[in-house]
K.L.:
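Sharing a structure, written as structure tokens. Questions coming.
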Amino acid sequence: MTSLTRLPEWQTFVQRAHEAAEINLREAFNQDAGRSERYSLESSGLFLDYSRHLINDSVLSALFSLARACNLEDLRDAMFGGEAINMTEGRAVLHTALRAPREASITVNGENVVPQVHAVLDRMYAFSEHVRNGNWKGYTGKSITDIVNIGIGGSDLGPFMATEALKDAGGRFKLHFVSTVDGWQINHILAQLDPETTLFIVASKTFTTQETLTNARAARAWLVQQADEAAVAKHFVAVSTNATAVGAFGIDTNNMFGFWDWVGGRYSMWSAIGLPILLAIGTDHFKSLLAGAHAMDTHFRTAPLEQNMPVILALLGVLYVNGMGSQSHLISPYNQPLHRLPAYLQQLDMESNGKRIRLDGEAVDYDTGPVIWGEPGINAQHAYYQLVHQGTRLIPADFIAALDNPGSSEHHHTILLANFLAQTEALMKGKTAEEARSELKAQGLADDAIERLLPHKIFPGNRPTSTILLKKVDPFHLGSLIALYEHKVFVQGSIWGVNSYDQWGVELGKQLAKTIENELTSGNDAVQHDSSTTQLIMRARAALQDRKVDRS
């Protein structure tokens, strides 16, 4: 595997990136009336304006050439073709198969997996309708009112994000999500629930995940204390592949929904992991969610690189990370239902491409995945936008908004869109010294006061942003939006030559936690730790002992 930095196309890219850093966006727009139209693209219900980036045709040409030199198109075909592109685990990567139409054919190890996918979906649809129409009864014969999803990582972030985003399409149940092993969360949620009308979904492929099983056992004990062991089967279902462990827990394995090893956790909301989404929004809306994702899949798979939305977003990120030294990327949605989107994309991107080892086992000699962060934009304007506008760091940003918002008044939505549109213009244009001086003079300030304030009133501008417009936050458009980012991550991983589909980095801390847990509870001396960890273990152990005394 040739190192990325040894490619001739890389050298050209680096040269063009230096030139791009000198582009003045305000001047670029003044000199080119067609810039916004030329650097915009519409597909799968989404509109992307990327004209406010530090690009020109020459910069983009170098980026597309780099992508081709990295065999992006062949790698894309390999993924869609079911090849084992997750090389460290020997697995295919086929979240795209989860939203493929019933008549499609996608082969893994000589077998078409699409019929398996739709067999599980059909079981999910039947189960969901049974619960949603009130026919699923709890241990006292009452219908379900509350659903609690117990999972962590991809088993939590995707369903939580989507059910929050699609609340206007749901409303049948109260949805609750338990992920952290901090018992405060589940205890706080259980205190709100009626055991007679609560359904728990335990999401763990192996049914051994420590955090998930700890919370599931706490929920089970809470239920059994108020009912009996037989009630478990009426109030728990599982998303898992471990039928033995699921049955031992007390869950009827007929109410166990599985998925496959070619579905990564952070790409799994389209699978049985999406059961809480389905229960919340119903079969038709869930099918629309899948259809939106499939529309973006088709666009990504078939569109030329120069007209390919995920490819363009990904290459713009490469420009800033590798060409200009940017270390982070801001996600700024301007719709409150999308408030969990930045957290979801954090895992999707940072767990996928936060890698320092290439597929060939060699260390990279260039930067890879940036820090992904953000919050809904209106609140952010009164928080960290100060740094984005006038700070010292280059922070590319994605601004996302829906043009229609049925859950908001026209007055509210007009103000929201005005702020959304104003921020990207302000970040691009900035405010010159002349403009700032003119404003201060108009306010009647004396010349000495103007000169004192003037440096603080200047905005450098030239801050790069993408603008992504949805018609509205509905299942189809949300599906398309999430698939857009999934494919962006794939493209960047392909450029950087890393495996975007393993996550060995989460393992070390888990291994050490098991050792330390034993030391906290056994009373044995903590050994084989550094002095700082040993000191902290002793303090934590003393606090746990004091807690036992206080509660006895």
Side-chain angles (χ1 to χ4, degrees), residues 1-23 50 53-56 58-76 78-79 85-88 93 266 305 308 310-331 345-373 392-398 463-464 466 485-506:
M1 181 178 183
T2 304
S3 173
L4 178 61
T5 55
R6 293 180 180 273
L7 294 172
E9 290 82 1
W10 173 268
Q11 305 305 323
T12 303
F13 155 68
V14 170
Q15 181 181 347
R16 295 291 180 270
H18 288 314
E19 297 170 8
E22 301 301 318
I23 292 174
Y50 58 101
H53 281 282
L54 300 172
I55 55 170
N56 54 32
S58 177
V59 172
L60 286 173
S61 177
L63 286 165
F64 292 126
S65 294
L66 179 63
R68 289 192 168 95
C70 294
N71 300 314
L72 173 61
E73 291 155 311
D74 290 341
L75 292 169
R76 177 185 62 186
M79 179 183 72
I85 66 168
N86 179 352
M87 297 174 65
T88 62
V93 174
R266 55 193 175 277
L305 301 191
N308 196 303
V311 171
I312 290 169
L313 277 186
L315 292 177
L316 291 170
V318 170
L319 171 65
Y320 298 117
V321 170
N322 300 114
M324 300 185 189
S326 176
Q327 296 295 311
S328 75
H329 191 102
L330 171 62
I331 305 294
L345 294 180
Q346 276 183 341
Q347 187 201 20
L348 177 67
D349 198 308
M350 295 170 70
E351 195 168 80
S352 294
N353 288 339
K355 311 287 172 61
R356 57 180 291 276
I357 300 298
R358 302 190 321 230
L359 285 165
D360 62 3
E362 297 295 322
V364 300
D365 55 355
Y366 44 84
D367 287 336
T368 58
V371 175
I372 304 296
W373 60 290
T392 60
R393 293 168 175 83
L394 173 66
I395 304 173
D398 293 353
R463 303 319 207 207
S466 296
Y485 279 98
E486 288 179 343
H487 297 316
K488 172 197 169 183
V489 166
F490 167 82
V491 172
Q492 290 184 332
S494 299
I495 301 293
W496 292 323
V498 299
N499 183 0
S500 300
Y501 301 102
D502 61 12
Q503 54 279 333
W504 302 109
V506 306

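All heavy atoms count here, side chains included; hydrogens, waters and symmetry mates do not.
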K.L.:
Nearest 0.5 angstrom please: Gln503 CD to Thr88 OG1, how far?
P.N.:
8.5 Å
K.L.:
Atom CG of Asp74 and atom CE of Met79: how far apart are they, to the nearest 0.5 Å?
P.N.:
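One finds 13.0 Å between CG of Asp74 and CE of Met79.
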K.L.:
What is the minimum heavy-atom distance between Gln492 and Gly317, and which atoms define it?
P.N.:
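Heavy-atom minimum between the residues: NE2-CA, 3.5 Å.
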K.L.:
Could you measure the distance from the CG atom of Leu305 to the CG atom of Leu60? Nearest 0.5 Å is fine.
P.N.:
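Taking CG in Leu305 and CG in Leu60, the distance rounds to 12.0 Å.
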K.L.:
Nearest 0.5 Å, please: how far is CG in Asn499 from CD1 in Ile85?
P.N.:
7.5 Å
K.L.:
Measure the spacing between CD1 of Ile312 and OG of Ser466 and express it to the nearest 0.5 Å.
P.N.:
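If I round to the nearest 0.5 Å, the distance is 9.5 Å.
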K.L.:
For a 4.5 angstrom cut-off between non-hydrogen side-chain atoms, does Leu66 reach Leu4?
P.N.:
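Result yes, sub-4.5 Å side-chain heavy-atom pair found.
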K.L.:
Do Val498 and Ser352 come within less than 4.5 Å of each other through their side chains, counting heavy atoms only?
P.N.:
no
K.L.:
Answer whether the closest heavy-atom distance between the side chains of Ile495 and Trp10 falls below 4.5 Å.
P.N.:
no
K.L.:
Considering only residues two or more places apart or on different chains, which pairs with a residue in residues 318-328 satisfy side-chain hydrogen bond (donor to acceptor under 3.5 Å, both in side chains)?
P.N.:
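Non-adjacent pairs meeting side-chain hydrogen bond (donor to acceptor under 3.5 Å, both in side chains): His53-Tyr320, Asn322-Trp496, Gln327-Asp367, Ser328-Trp373.
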K.L.:
Can you name the closest pair of heavy atoms from Met324 and Ala17 and give their distance?
P.N.:
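Nearest heavy atoms, Met324 then Ala17: CE-O, 3.8 Å.
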K.L.:
For side-chain contact (heavy atoms from CB on, under 4.5 Å), just list the numbers for Phe64 and Leu72, CA-CA rounded to whole Å, side-chain angles, deciding distance to a tenth of an Å, and then say yes or no.
P.N.:
CA-CA 10 Å; Phe64 292 126; Leu72 173 61; over 6 Å; no
K.L.:
Considering non-hydrogen atoms only, spot the tightest contact between Tyr366 and Arg358 and give its length.
P.N.:
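Looking at all heavy atoms of both residues, the closest pair is OH-CD, 3.4 Å.
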K.L.:
With the side chain counted from C-beta on, respond yes when Thr368 and Arg356 share a heavy-atom pair under 4.5 Å apart, and no when they do not.
P.N.:
no
K.L.:
Quick one: closest heavy-atom pair of Ser58 and Arg16, and the distance?
P.N.:
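What the structure gives for the nearest pair is OG-NE, 2.7 Å.
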K.L.:
After noting the C-alpha distance and the side-chain angles of Cys70 and Leu75, does the key distance pass the side-chain contact (heavy atoms from CB on, under 4.5 Å) rule?
P.N.:
CA-CA 9 Å; Cys70 294; Leu75 292 169; 5.8 Å; no
K.L.:
Quick one: does any side-chain atom of Asp502 pair with a main-chain N or O of Asn86 as donor and acceptor, under 3.5 Å?
P.N.:
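Checking the backbone N and O of Asn86 against the side chain of Asp502, no donor-acceptor pair under 3.5 Å is found.
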K.L.:
Counting heavy atoms not belonging to Arg68, are there more than 12 under 6.0 Å from its CZ?
P.N.:
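Atom CZ in Arg68 is packed in, count exceeds 12.
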K.L.:
Would you mind reporting whether Tyr485 and Asp349 have side-chain heavy atoms less than 4.5 Å apart?
P.N.:
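Result no, sub-4.5 Å side-chain heavy-atom pair not found.
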K.L.:
Applying side-chain contact (heavy atoms from CB on, under 4.5 Å), run through Ile23 and Ile55 and close with a yes or a no.
P.N.:
CA-CA 7 Å; Ile23 292 174; Ile55 55 170; 5.5 Å; no
K.L.:
Below 4.5 Å, heavy atoms only, C-beta onward: do Asp365 and Ser3 meet side chain to side chain?
P.N.:
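Yes, at least one pair of side-chain atoms sits under 4.5 Å.
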K.L.:
Can you see which heavy atom on Val489 is nearest to which on Ser500, and at what distance?
P.N.:
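Of all heavy-atom pairs spanning Val489 and Ser500, the closest is O-OG, 3.9 Å.
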K.L.:
Do Arg76 and Asn308 come within less than 4.5 Å of each other through their side chains, counting heavy atoms only?
P.N.:
yes
K.L.:
When you measure from the side chain of Glu9 to the backbone of Leu63, do you find a donor-acceptor pair of N or O atoms at a distance under 3.5 Å?
P.N.:
no
K.L.:
What distance do Leu330 atom CG and Ile395 atom CD1 have between them, rounded to the nearest 0.5 Å?
P.N.:
7.0 Å
K.L.:
Find out whether Tyr50 and Leu315 are in side-chain contact, i.e. whether some heavy atom of one side chain is under 4.5 Å from a heavy atom of the other.
P.N.:
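A side-chain contact is absent here, since even the closest heavy-atom pair is not under 4.5 Å.
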K.L.:
I need the single residue from Gln346, Glu351, Glu486 that forms a side-chain hydrogen bond (donor to acceptor under 3.5 Å, both in side chains) with Arg266. Which is it?
P.N.:
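Considering Gln346, Glu351, Glu486, a side-chain hydrogen bond (donor to acceptor under 3.5 Å, both in side chains) with Arg266 is found only for Glu351.
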